[in-house]
Structure formats: structure tokens, C-alpha cells
Asker: 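Let me give you the structure first, and then I'll get to my questions.
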Amino acid sequence: MKKFLFILIFLTTSAFASDKIHLQALQDYNSSNPNETFSAQVLETSVMDNIVLLEGDKINCVLLKIKNPKRAKIDAKVYFQIVSYENPRGLHEISKKLTAKYAKRVLNKEEVKNIPPKKVAKTALSIAGGAVVEGFSYGVSFVDGLITNEEGNRLKSGAKQVYDDSFVSYIEYGQDVDIKTGDVFYFIIKSDE
């Protein structure tokens, strides 16, 4: 029975699995003024629906849809269809419908290593202190703003940091997707079949 459940779980999770490709933009792209096509270069050898893409290969996409930014700081989302890829052997058309979702970063071992220890300590301190004293996390945010002094005025920086970390800031809209030539990002690929 345990083997059957394990196989069932494995098959259902692999059916919805997606491939992640690390890319570098070969052209500018903005979701508020979108182009119909987009090209990017593969940075790490990856597999896309049983197609091996080597470092340096180029993928070509067409725009499928854009979801505009929303309140609660929900950023815009851009979806492409990958139509072909190019390598030294030439241009290769893709017959399956592969949907690629733009992602600035994905959760993997390298991204976790890039999280600054200061941010982890601040989050842990805010959560632990908030469990003991109501409003403790706002004090931590204020002190963090005082220390970083991004506004050029320590009090103003502290107040802005408290606002940015509070629930009140969620009335703001998210940001448009703005890709510049040379930017590094990920595509999360799913087959529509």
C-alpha cells in the first residue's frame, strides 16, 4: 500500500512539474509597452520538455498574455510561448506549445545563498519579538531605516522603512515587468499538452 501511495504521489507531482531556464535578455522588454516577440540567451545548460538547451543557445518567444500589476504590491506577470531555439547547428522549431512565465528569481540553492544574513536576522527578530510584544516589528523596521539612511535623513528613512514593512503599504500597486538587455532572469516552462 505504501509503495502504491508513493508511486501515485510521484506521478501526480511530476505531471505538474515545470522546467526552469536561467536566461539573459538579448533585447529590452516592458509589460506596459510590450513587443510581440522576445529573445534570450541560455546561461546554464537546461532541459526544456526533453529538449536539452546548452549554454549560449538562443530561445525565441512570442507574447501570449500579460497580467497587469494589482494592488497589494502584486507585480505584473508576462507569459510567452517558446516557438524556436537556435544553436550552432541552426534554427529548431518547437511543435509543442510550451508556455514560459517570466520570473526575476526562483527558489533554488544559489538564491538562498544570496539572501543577506542581515535580512534573515531582521525577519527572525521581528517574528520572535512580535510574539512577545505587539508592535515590536515596527520598532525593528524603524531602527533598520535609521541605520540604512536611504533618504538622507535618519528619521525620514526610519519612518519610510516602517511604512514599507507595514500592512498599510499593501494599498500600492505592484510593478510592471521591465527587462533591459543583459538582465538575468528565469523562465518557468510548462507544456500545455
Side-chain angles (χ1 to χ4, degrees), residues 10-120 123 148 150 164 169-193:
F10 177 76
L11 290 175
T12 56
T13 55
S14 63
F16 299 107
S18 58
D19 300 319
K20 296 170 186 69
I21 302 176
H22 198 194
L23 300 165
Q24 182 176 22
L26 296 175
Q27 65 190 72
D28 292 349
Y29 194 87
N30 191 305
S31 63
S32 61
N33 186 16
N35 300 332
E36 288 299 314
T37 60
F38 182 69
S39 298
Q41 183 177 12
V42 178
L43 291 178
E44 297 173 6
T45 300
S46 306
V47 177
M48 172 182 69
D49 196 51
N50 297 326
I51 300 169
V52 177
L53 297 172
L54 301 175
E55 182 179 337
D57 288 357
K58 176 182 171 186
I59 61 170
N60 303 308
C61 314
V62 294
L63 178 66
L64 279 179
K65 67 179 174 179
I66 294 176
K67 291 186 177 180
N68 293 323
K70 299 178 185 173
R71 287 198 187 270
K73 293 185 178 179
I74 298 174
D75 294 336
K77 293 177 178 57
V78 179
Y79 298 88
F80 297 99
Q81 179 181 348
I82 299 178
V83 292
S84 65
Y85 68 97
E86 298 176 40
N87 59 21
R89 294 184 306 270
L91 178 72
H92 308 279
E93 299 290 329
I94 297 175
S95 58
K96 286 179 106 176
K97 186 171 181 184
L98 299 177
T99 302
K101 178 184 173 187
Y102 167 82
K104 201 171 214 172
R105 57 181 131 345
V106 295
L107 188 61
N108 60 21
K109 193 184 293 185
E110 283 70 36
E111 289 294 325
V112 171
K113 288 179 184 177
N114 291 336
I115 297 173
K118 176 188 164 194
K119 185 173 183 179
V120 175
T123 304
T148 57
E150 293 178 4
D164 289 343
S169 69
Y170 285 104
I171 61 170
E172 297 176 0
Y173 280 91
Q175 298 176 349
D176 285 316
V177 172
D178 188 25
I179 305 171
K180 300 291 182 198
T181 303
D183 283 356
V184 175
F185 60 95
Y186 290 88
F187 269 169
I188 300 170
I189 311 289
K190 289 189 180 179
S191 175
D192 290 349
E193 295 178 0

Asker: Which residues satisfy the ring-ring contact (aromatic ring centres under 6.0 Å, His included) test with Tyr79, sequence neighbours excluded?
Answerer: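 Not a single residue meets the ring-ring contact (aromatic ring centres under 6.0 Å, His included) criterion with Tyr79.
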Asker: Asp176: what forms a side chain to side chain contact (heavy atoms under 4.5 Å, CB included) with it, not counting sequence neighbours?
Answerer: Asn30, Ser31, Ser32, Pro69, Ala76
Asker: Measuring from Phe80:CZ to Glu36:CD, what's the distance to the nearest 0.5 Å?
Answerer: 10.0 Å
Asker: Tell me, please, which residues at least two apart from Asp49 pass salt bridge (charged side-chain N to carboxylate O under 4.0 Å, His left out).
Answerer: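 Lys96.
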Asker: Where is the tightest heavy-atom contact between Thr45 and Glu55, given as atom of each residue plus distance?
Answerer: OG1-N, 3.6 Å
Asker: With sequence neighbours left out, write down each residue that passes side-chain hydrogen bond (donor to acceptor under 3.5 Å, both in side chains) with Ser46, or none if nothing qualifies.
Answerer: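 Ser46 satisfies side-chain hydrogen bond (donor to acceptor under 3.5 Å, both in side chains) with no residue once adjacent residues are dropped.
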Asker: Just how far is it from atom CD1 of Ile82 to atom CD1 of Ile189, taken to the nearest 0.5 Å?
Answerer: 3.0 Å
Asker: Using side chain to side chain contact (heavy atoms under 4.5 Å, CB included) as the criterion, list what pairs up with Ala25, not counting sequence neighbours.
Answerer: Phe38, Ile179, Phe185
Asker: Can you name the nearest heavy-atom pair linking Ile94 to Met48, along with the distance?
Answerer: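 Shortest heavy-atom contact: CD1-CE, 3.6 Å.
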Asker: Please name all residues satisfying side chain to side chain contact (heavy atoms under 4.5 Å, CB included) with Leu43, sequence neighbours left out, ordered by chain then number.
Answerer: His22, Gln24, Val184
Asker: If you measure from CG on Leu98 to CD on Gln81, what distance do you get to the nearest 0.5 Å?
Answerer: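 The CG atom of Leu98 sits 7.5 Å away from the CD atom of Gln81.
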Asker: Any salt bridge (Lys or Arg N to Asp or Glu O under 4.0 Å) pairs touching residues 177-187, not counting sequence neighbours?
Answerer: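 Every pair satisfying salt bridge (Lys or Arg N to Asp or Glu O under 4.0 Å) with a residue in residues 177-187: Asp178-Lys180.
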Asker: Starting at NZ of Lys104, measure out to CG of Asp75 and round the result to the nearest 0.5 Å.
Answerer: 8.0 Å
Asker: Report the distance from atom NZ of Lys77 to atom CG of Asn68, rounding to the nearest 0.5 Å.
Answerer: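 Answer rounded to 0.5 Å: 11.0 Å.
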Asker: Which residue pairs pass the salt bridge (Lys or Arg N to Asp or Glu O under 4.0 Å) test when at least one of the two sits in residues 21-30, sequence neighbours left out?
Answerer: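 The answer is none; no pair qualifies.
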Asker: Is any side-chain heavy atom of Leu91 less than 4.5 Å from a side-chain heavy atom of Glu93?
Answerer: yes
Asker: Is Leu64 close to Lys97 at the side-chain level, that is, under 4.5 Å between some pair of heavy atoms?
Answerer: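 Result yes, sub-4.5 Å side-chain heavy-atom pair found.
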Asker: Check side chain to side chain contact (heavy atoms under 4.5 Å, CB included) between Ser39 and all other residues, then give those that pass, not counting sequence neighbours.
Answerer: Leu26, Gln27, Lys58, Asn60
Asker: Would you say Tyr29 and Leu63 make side-chain contact, with heavy atoms under 4.5 Å?
Answerer: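 Side chain of Tyr29 against side chain of Leu63, heavy atoms only: contact under 4.5 Å found.
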Asker: Quick one: does Leu54's side chain get under 4.5 Å of Asn87's, heavy atoms only?
Answerer: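 Counting from C-beta outward, Leu54 and Asn87 never come under 4.5 Å.
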